[in-house]
Amino acid sequence: MDKILVLKKRKDFLRVAKGIRMIVSTVILQAAPSLSKDPVPFKIGYTVTKKIGKAHVRNRTKRRLRAAAQAIFPAFGLPNVEYVLVGRYNTADCPFKVLKSDMKWALKKTNTLLMEQKNQQNTQANVSDNSAATSPA
RNA sequence: CAGGGUGGUCGGAUAGCCGCGCUGCGGAAAGGAAAAUCCGUUAGUGAGGAAAGUCCGGGCUUCAUGGAAACGGGAUACCGGAUAACGUCCGGCUGGAGAGAUCCAAGGGAAAGCGCCGCAGAAAACUACCGCCGGACUAUAUGUCCGGUAAGGGUGAAAAGGCGAGGCAAGAGCUCACCGCUGCCGUAGCAAUACGGCGGGUCUUAGGCAAGCCCUAUCCGAUGUAAGACCAAAUUAGGAUUUAUCAGAAGCUUGCUUCUGACGAGGCGUUUCCACCUUGUCCAAGGGUAGGUCGCAAAAACAGACCGGCAACGGUUUGUGAAGAUGAAUGGCUAUCGCUGCAAACUUUGCCUUGUUGCAAAGCAAUGGCAGGCACAGAACCCGGCUUAUAGACCACCAGCUUU
RNA sequence: GGUCCCAUCGUCUAGUGGCCUAGGACGCGGCCCUCUCAAGGCUGCAACACGGGUUCAAAUCCCGUUGGGAUCA
């Protein structure tokens with residue numbers, strides 16, 4: 001079984017935050033395509049701000065996110081994508097089944113959006129390639 | 001019986017599956033400035049009493065180090081002890097709260113000085129408005145002036161010891177007894193202090209505030225693991241000149257190096273001095289950005305026994321045991337048990353429309369059921385305290401009431 | 001992780017321990033003025049972050065909590 005790779009750099013978090021954002025009642029999911037060209041497995045980062053609560057509440061929130069991601073992402077995560085899970089006020093004490101179902105729904109929705117974006121980029125790239133071919137620089 | 005006070009202990013338990021950090025072991029690949037990496041594992045280990053607040057004290061770090069004095073700044077404050085140290089702890093004293101066990105107190109100095117005490121009141125610290133008393137004057141009054149008083153009145157948080165008797169024109173510690181305060185002496189105690197005696201001591205210009213300035217005594221250098229040490233990539237590595245203070249000695253490369261002394265410069269809030277260190281033409285630069293390694297975990301620790309001590313604590317001895325992250329490790333699910341809550345059922349009571357068990361209320365010992373109910377809360381260099389948060393459970397001692 | 005600072009009406013602020021039942025400006029409500037609105041006038045509501053202590057008396061002095069903010073070779 002592959003280990004889930006974890007985002008650690010502040011730069012990466014900032015870049016992913018500019019990508020797609022999907023908000024459900026217990027969690028926020030952000031996603032953006034990876035920078036590397038080689039095929040790499042997906043990466044996950046976790047963000048829990050000080051607004052959520054004191055230290056032990058934040059730890060608990062992050063652990064529940066990690067446990068839920070362990071159950072969901074190996075089945076549905078796309079390669080070459082970086083995801084960031086953001087904890088909300090009720091993440092620490094909501095039922096775990098609800099958290100999982102919410103996360104699964106958000107992930108599927110995000111993936112479809114990502115695929116659409118990728119297709120659009122591909123078509124645009126094809127157009128630009130065609131133009132480059134017609135007028136070589 | 002009722003559940004008060006003080007001190008202490010614990011902080012859900014067991015099992016299974018999946019998952020995480022670190023250490024060990026085994027393996028893999030890549031490669032180089034140093035390094036980081038990945039996989040496996042029937043291996044080991046992995047949050048607290050407060051890990052919190054950062055309020056004190058210490059270790060350790062850098063400022064090269066140590067000592068002395070003055071100035072400045074800060075802290076503490078009944079007495080004695082414990083301790084590495086402390087603003088902590090223990091024992092005692094004094095004052096206050098309580099029926100008591102017990103609890104609370106920044107609790108030195110106001111006869112060194114300055115300052116403040118609004119309003120009210122005559123006066124807030126050189127008191128004298130009304131009043132009381134004596135004298136003088138006159139218009140003989142509920143008047144004016146001079147003097148003596150501090151008993152009484154009123155104001156205020158606070159009014160110049162209290163109370164009684166004597167005394168006096170009226171009064172007053174003016175005198176006396178008792179109480180208070182204070183000084184001295186004696187006894188007990190290491191001391192704070194207590195008890196007793198003596199002196200009346202101008203019986204008080206010693207009214208209050210020092211968490212106002214201040215005085216006295218004692219203590220304190222700054223800095224915080226983002227301290228700091230090392231390795232180190234990219235990028236930078238220079239400029240100005242008078243070619244380098246003086247004396248002595250040694251060496252050989254004969255104008256450089258080393259040593260000693262003098263001189264100059266610098267040296268942890270400021271100044272001065274001593275020892276000492278660095279430097280010797282002056283300025284400048286090392287590395288703040290990216291990254292790694294160390295610091296980084298074995299202790300003034302805890303428990304038992306014995307000895308000393310009222311105790312805090314100390315000594316001897318035996319044993320226990322100790323996480324180490326850096327976008328930051330302990331989580332998720334299931335089962336059983338424990339506790340809590342809920343309704344049902346059950347029990348009791350009430351009602352009338354007497355229901356082949358209807359409606360309502362109360363109770364909770366046993367039984368089965370349901371609950372995503374089970375405190376405060378997460379190590380970040382380490383240790384000793386303090387403060388604050390905290391569901392519930394347990395233990396010991398002491399006090400209260402009733403009975404024998 | 002360390003070191004500091006601040007807190008007064010809805011907002012911005014003033015405030016020597018006593019005249020503070022806390023002042024001002026903007027804002028908000030009501031009334032007047034006007035044909036109506038604005039401006040103007042009158043008037044009202046509204047605060048010392050919380051808990052203790054010192055003092056006769058605390059927004060102010062001291063201690064402890066809570067919340068917010070700044071900073072780090």
Side-chain angles (χ1 to χ4, degrees):
Chain A
M1 183 179 215
D2 288 336
K3 268 183 130 177
I4 293 178
L5 300 177
V6 180
L7 281 184
K8 291 193 175 180
K9 294 285 165 54
R10 178 173 164 75
K11 274 185 188 172
D12 298 333
F13 279 83
L14 292 174
R15 186 166 49 76
V16 175
K18 287 177 186 169
I20 294 170
R21 173 175 302 197
M22 188 59 55
I23 301 176
V24 291
S25 67
T26 54
V27 71
I28 298 174
L29 179 65
Q30 297 169 334
S34 174
L35 284 180
S36 66
K37 292 169 184 172
D38 304 327
V40 292
F42 60 86
K43 289 185 175 180
I44 306 182
Y46 306 94
T47 295
V48 181
T49 62
K50 273 190 183 176
K51 276 199 293 184
I52 302 295
K54 293 194 172 185
H56 95 279
V57 177
R58 297 202 299 271
N59 276 349
R60 186 172 179 76
T61 303
K62 209 178 280 189
R63 283 171 190 153
R64 287 172 71 94
L65 287 178
R66 210 175 284 134
Q70 191 72 35
I72 302 292
F73 274 70
F76 300 100
L78 293 176
N80 279 31
V81 178
E82 293 177 353
Y83 299 96
V84 170
L85 292 164
V86 181
R88 305 194 70 186
Y89 293 94
N90 52 2
T91 306
D93 54 314
C94 71
F96 192 70
K97 286 177 187 170
V98 175
L99 179 60
K100 279 204 289 190
S101 63
D102 279 359
M103 193 180 283
K104 193 189 282 184
W105 186 88
L107 183 56
K108 282 182 177 174
K109 193 94 175 176
T110 307
N111 285 346
T112 54
L113 282 174
L114 275 173
M115 296 301 288
E116 286 175 16
Q117 216 174 46
K118 201 174 177 184
N119 290 338
Q120 281 179 9
Q121 279 179 355
N122 283 349
T123 52
Q124 283 175 3
N126 290 342
V127 168
S128 60
D129 284 353
N130 292 344
S131 62
T134 49
S135 61

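Letters A, B, ... mirror the listed sequences (proteins, then strands); counts begin at 1.
B:A123: no Watson-Crick or G-U partner with both key distances under 3.5 Å is found in any strand. Base pairing annotation: B:C306 forms a Watson-Crick or G-U wobble pair with B:G315, both donor-acceptor distances under 3.5 Å. B:U193 and B:A188 make up a base pair, with Watson-Crick or G-U wobble contacts both under 3.5 Å. Using N1 to N3 plus N6-O4 or O6-N4 for Watson-Crick, or N1-O2 and O6-N3 for G-U wobble, each under 3.5 Å, B:A136 pairs with B:U144. Look at B:A97: its Watson-Crick or wobble partner, with both distances under 3.5 angstrom, is B:U102. With both pairing distances under 3.5 Å, B:A111 is matched to nothing as a Watson-Crick or G-U wobble pair. Shown here, B:A210 forms no base pair; nothing in the strands shown gives a Watson-Crick or G-U wobble contact with both key distances under 3.5 Å. Look at B:C60: its Watson-Crick or wobble partner, with both distances under 3.5 angstrom, is B:G224.
How far CD1 of A:Ile72 is from CH2 of A:Trp105: 14.0 Å, rounded to the nearest 0.5 Å. The distance from the NZ atom of A:Lys62 to the CZ atom of A:Arg60 is 15.0 Å, given to the nearest 0.5 Å. Within the model, atoms CE of A:Met22 and CE of A:Met103 stand 14.0 Å from one another, a figure rounded to the nearest 0.5 Å.
By the side chain to side chain contact (heavy atoms under 4.5 Å, CB included) test, A:Asp102 pairs with A:Val24, A:Ser25, A:Thr26, A:Val98, sequence neighbours left out. With sequence neighbours excluded, the residues that form a side chain to side chain contact (heavy atoms under 4.5 Å, CB included) with A:Ala67 are A:Phe96. Residues satisfying the side chain to side chain contact (heavy atoms under 4.5 Å, CB included) test with A:Val84, not counting sequence neighbours, are A:Leu7, A:Phe13, A:Val16, A:Gln30, A:Thr47, A:Val86.
With P as the reference atom, B:U223 and B:G288 are 23 Å apart, rounded to whole Å. B:C104 and B:A128 have their C1' atoms separated by 45 Å, with the value rounded to a whole Å. Distance check on atom C1': B:A172 versus B:C145 gives 26 Å, rounded to whole Å. The gap from the C1' atom of B:A328 to that of B:C56 amounts to 30 Å, rounded to the nearest Å. To the nearest whole angstrom, the two P atoms, one in B:C342 and one in B:A365, are 12 Å apart. For the P atom pair drawn from B:C370 and B:C39, the interatomic distance equals 43 Å after rounding to whole Å. Using atom C1' as the reference point in both B:C376 and B:U387, the two lie 16 Å apart (nearest Å). Here, B:G7 and B:A101 have their C1' atoms 13 Å apart, quoted to the whole Å.
Classification of B:A298 as syn follows from a glycosidic angle within 90° of 0. In this entry the base of B:A47 is syn relative to its sugar, with a glycosidic angle within 90° of 0. For B:G173, the glycosidic angle deviates from 0 by 90° or less, giving a syn base. With a glycosidic angle no more than 90° from 0, B:G49 adopts the syn conformation.
Checking A:Thr47 against A:His56, the closest nucleotide of RNA chain B that is more toward the 5' end is the one next to A:Thr47. Nearest-nucleotide positions on RNA chain B place A:Arg60 closer to the 5' end than the other of A:Arg60 and A:Val57.
Summarising the local packing, CZ of A:Arg21 is surrounded by 12 or fewer heavy atoms from other residues, nucleotides or ligands at distances under 6.0 Å.
In this entry the distance linking CD1 of A:Ile72 with P of B:C18 reads 19 Å, nearest Å. Taking atom CG on A:Leu99 and atom P on B:G331, their separation rounds to 16 Å, with Å as the unit.
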Between N or O atoms, less than 3.5 Å apart, protein on one side and nucleotides 328-330 of chain B on the other: list the pairs.
from	atom 1	to	atom 2	distance (Å)
B:A328	OP2	A:Arg66	NH2	3.4
B:U330	OP2	A:Arg63	NE	2.8
B:U330	OP2	A:Arg63	NH2	3.2

### Message
Pair A:Val48, A:Tyr46 - check side-chain contact (heavy atoms from CB on, under 4.5 Å), show working.
### Response
CA-CA 7 Å; A:Val48 181; A:Tyr46 306 94; 5.6 Å; no
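A:Arg66 places none of its side-chain heavy atoms less than 4.5 Å from the side chain of A:Ile44.
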